[in-house]
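Within every chain, numbering begins at 1; the chains are lettered A, B, ... in the order of the sequence lines, protein sequences first and strands thereafter.
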Protein chains: 2
Amino acid sequence: MSVTLADIARATGLSASTVSRALSDPDKVNPRTRDRVRKIAQDMGYVPNQVARSLTSGRNDLIGLIVPDIANPFFPPIIKAVQARASAKGKTVLIADVDEHPSDEIQRARVMRKRVDGLVVVSPRTPDDRLDQLAELRPIVFVNREVKGAASVIIEDSEGMREAVEHLTALGHRRIGYLNGPRRSWSNTQRQNAVREACAAHGVDLVEFGPFEPQIQAGVRAADLVHASDVTAVIAYDDMIALGLMARLNERGVRVGPDISVIGIDDSPMSGMAYPTLTSIHVPGSEAGARAVDIVLDLADTPSEAEPAVVQLETRLIVRSSTSPVRER
Amino acid sequence: MSVTLADIARATGLSASTVSRALSDPDKVNPRTRDRVRKIAQDMGYVPNQVARSLTSGRNDLIGLIVPDIANPFFPPIIKAVQARASAKGKTVLIADVDEHPSDEIQRARVMRKRVDGLVVVSPRTPDDRLDQLAELRPIVFVNREVKGAASVIIEDSEGMREAVEHLTALGHRRIGYLNGPRRSWSNTQRQNAVREACAAHGVDLVEFGPFEPQIQAGVRAADLVHASDVTAVIAYDDMIALGLMARLNERGVRVGPDISVIGIDDSPMSGMAYPTLTSIHVPGSEAGARAVDIVLDLADTPSEAEPAVVQLETRLIVRSSTSPVRER
DNA sequence: CTACGTGACGCAAACGGTTGCCGCAAGGAA
DNA sequence: TTCCTTGCGGCAACCGTTTGCGTCACGTAG
């Protein structure tokens, strides 16, 4: 089969241990031997067997990532960031898409456990009590989810939401809608609270719709509900829903912008390409992913007992053309 | 630390080998013993250490996936399909995003080699000679790329492209543009040839632009070139480019549809949400991903010497509203 | 000249399972 | 009763690396 340490040991006349050290712990062997070993290993096309390496050393050079739905455009940037950061630190990413199906998570996480150096979990839907079980599988870090006693990178929606409501009131809107995300979504709870507070603070009426799944089709469905109501502006749980909403409104001849203002959340790459371009609350997914990797690797190196890190990231409003001054009815 | 086979052996008074068999090779032990072992294992919270398991058995329950860019919306559906199919067969996916940077591929693949049961490679840009090296790392299957002597799932663009050109000529277009993808892209070569043949067959003029990167910004840049030319319809290398193109044309007051027809390729979820909705050639990415997993696992089970499978998938045109009858100028 | 320190390397025991082979006991056939 | 078969379970080797510890030779100091 493939070249092993023993093969090189034979070829060099050294022992496997010396070869091992020559390759991975350079200071412990004579420089001349080291170079000779390395050259021969190179020539023989030696590639260390990571599996065997993990077994003894405990290190895996792998980090596990659990996401609810790869196809939702909010996640690819996170995945990419995790992947890039991991790669920069010599790690590969083991990924599990749990298909918005929370019960798989713990199962998947357990299986991954021994295989990875750390876990990054993006898990907006799993109930809290489940998460506690997950949290035991340290090192672990949660993205966009606060779990007591566990490290996390959370995205603080309130600032962006405040800006959004402020923006709408400045445009004269006095009655705005919020399209709720999935019922058990932690993010939705955050966003819902944020929009309620912001509306209360600005003294505007809030009408809530939903819950909706974070999918385009749900937005399409939402459109007719919104149109039948008397709100003049809508904030959607995410860009997916907002895009579906806009598409359906366009179809029905309602001009997004002039007739009704729409704000999405996530600022996914598509928001700039929609028609009209979608005003959206930027959520720093990439940054969150990168930070998560840093934290989890840090945790892996130094399994401290200290209170785990909780990083907060801010959101902000990106104004495009889906929001306009309110139209007299 | 965690519960091992030996712990269970001790608890049951059996040997580790029996426990192992009771857990993973049920027929070889007495049903009563098996159930007892399983119950105790369950109670003790035993989770097999996959790493140790791989080392002896050679099986990893992992499949490796190499993609050029997770953030390009063409890939998530593929990844999702690979992931889903793998999951259905009890495997997890090890993913590597090579960031459109081909030289990493072989390196990454080599490192993955021993850790996975098979490799699925989506590699539109890597030069052929590099790919040959990769192909040795069997079991391996290439998606959307033909490599001699290796299994692959290829997507045959010609039919969809023929339909696209036919569609445009039926609408009266006589001079159409093609926006080339990246210079060294295998897919682009396929698509370029297909569009040339189709245009020749229908006797319409073809004007080529590019190459362009498969990114929205490239499409934006393309828009002005296209607008300055005299083509009445454009087929873009992919939806990303098409979306950027449309966005910029909208911005310049050119009505996509009435003024100029645009066709994308990939039929990504966004095409139905763009304005106007984008006529696009559907590329069965999900199916390709699923098939690739089937093939690679099949290869892993029965490493035959036979000529490896090459599966062909067809494309077809999805007509939406970005294509209209040619306007008199 | 002896003794001791030190650098360079080898030995062997892990790591946690899997698996080929063997022994043993019980059951059936002769 | 004896012999053979069959089912069940144990023994031990093995997968490829890492790593603590021991050994050996050499250099230097006393």
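Rounded to the nearest 0.5 angstrom, A/Q50 CD and B/R113 CZ are separated by 13.5 Å.
If you measure from atom CG of A/L55 to atom C1' of D/dT17, you get 8 Å, rounded to the nearest angstrom. Protein atom CG of B/N60 is 14 Å distant from nucleotide atom C1' of C/dG17, rounded to whole Å. Rounded to an integer number of Å, the gap from CG of A/D25 to C1' of C/dC9 is 13 Å. Between the C1' atom of C/dG16 and the CZ atom of B/R10 lies a distance of 13 Å, rounded to the nearest Å. Look at NZ on B/K114: it is 10 Å from C1' on D/dC15, rounded to the nearest Å. Rounded to whole Å, the distance from CG on B/D35 to P on D/dC8 is 13 Å. Spacing between atom CZ of A/R32 and atom P of C/dG7 amounts to 17 Å, rounded to whole angstrom units. Distance, B/D7 CG to C/dG16 C1': 11 Å, rounded to whole Å.
Looking at the side chain of B/P31, the nearest of the listed nucleotides D/dC8, D/dT18, C/dG17 is D/dC8. Of the listed nucleotides (C/dC9, C/dA14, C/dG16), C/dC9 has the atom at the smallest distance from the side chain of A/N30. Nearest to the side-chain atoms of A/S17 among the listed nucleotides C/dG17, D/dG16, D/dT19 stands D/dT19.
Ion pairing of B/R10 with B/D7 is present here, as a side-chain N (NZ or NE/NH1/NH2) and a carboxylate O approach within less than 4.0 Å. For A/D298 and A/R291, the salt-bridge test fails: no basic side-chain N is under 4.0 Å from an acidic carboxylate O.
Residue A/T18 places at least one side-chain N or O under 4.0 Å from the OP1 or OP2 atom of C/dG10. For the pair B/T33 and D/dG9, the criterion of a side-chain N or O lying under 4.0 Å from OP1 or OP2 is met. For A/S20 and D/dT18, the shortest distance from a side-chain N or O to OP1 or OP2 is below 4.0 Å. OP1 or OP2 of C/dG17 has at least one side-chain nitrogen or oxygen of B/Y46 nearer than 4.0 Å.
Using a 4.0 Å heavy-atom cutoff across all strands shown, A/S54 reaches no nucleic acid atom at all. B/R59 comes within contact range of the sugar-phosphate backbone alone, with a heavy-atom separation under 4.0 Å but no base atom that close.
Nearer the 5' end of DNA chain D, as judged by each residue's closest nucleotide, is the contact made by B/K28, out of B/K28 and A/A16.
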#### Entry: side chain to side chain contact (heavy atoms under 4.5 Å, CB included) assessment of B/N72 paired with A/K80
CA-CA 10 Å; B/N72 179 327; A/K80 199 172 175 69; over 6 Å; no
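Judged by distance alone, with hydrogens and angles left aside, A/R21 brings a side-chain donor or acceptor within reach of the base of C/dG10, the pair sitting under 3.5 Å. Within 3.5 Å, no donor on the side chain of A/S15 pairs with an acceptor on the base of C/dC11, nor the reverse. A donor N or O paired with an acceptor N or O is not found under 3.5 Å between the base of C/dC15 and the side-chain atoms of B/T4.
In this structure, a donor-acceptor pair under 3.5 Å is absent between the side chains of A/T4 and A/N49. Side chains of B/S17 and B/S15: a donor on one and an acceptor on the other come within 3.5 Å.
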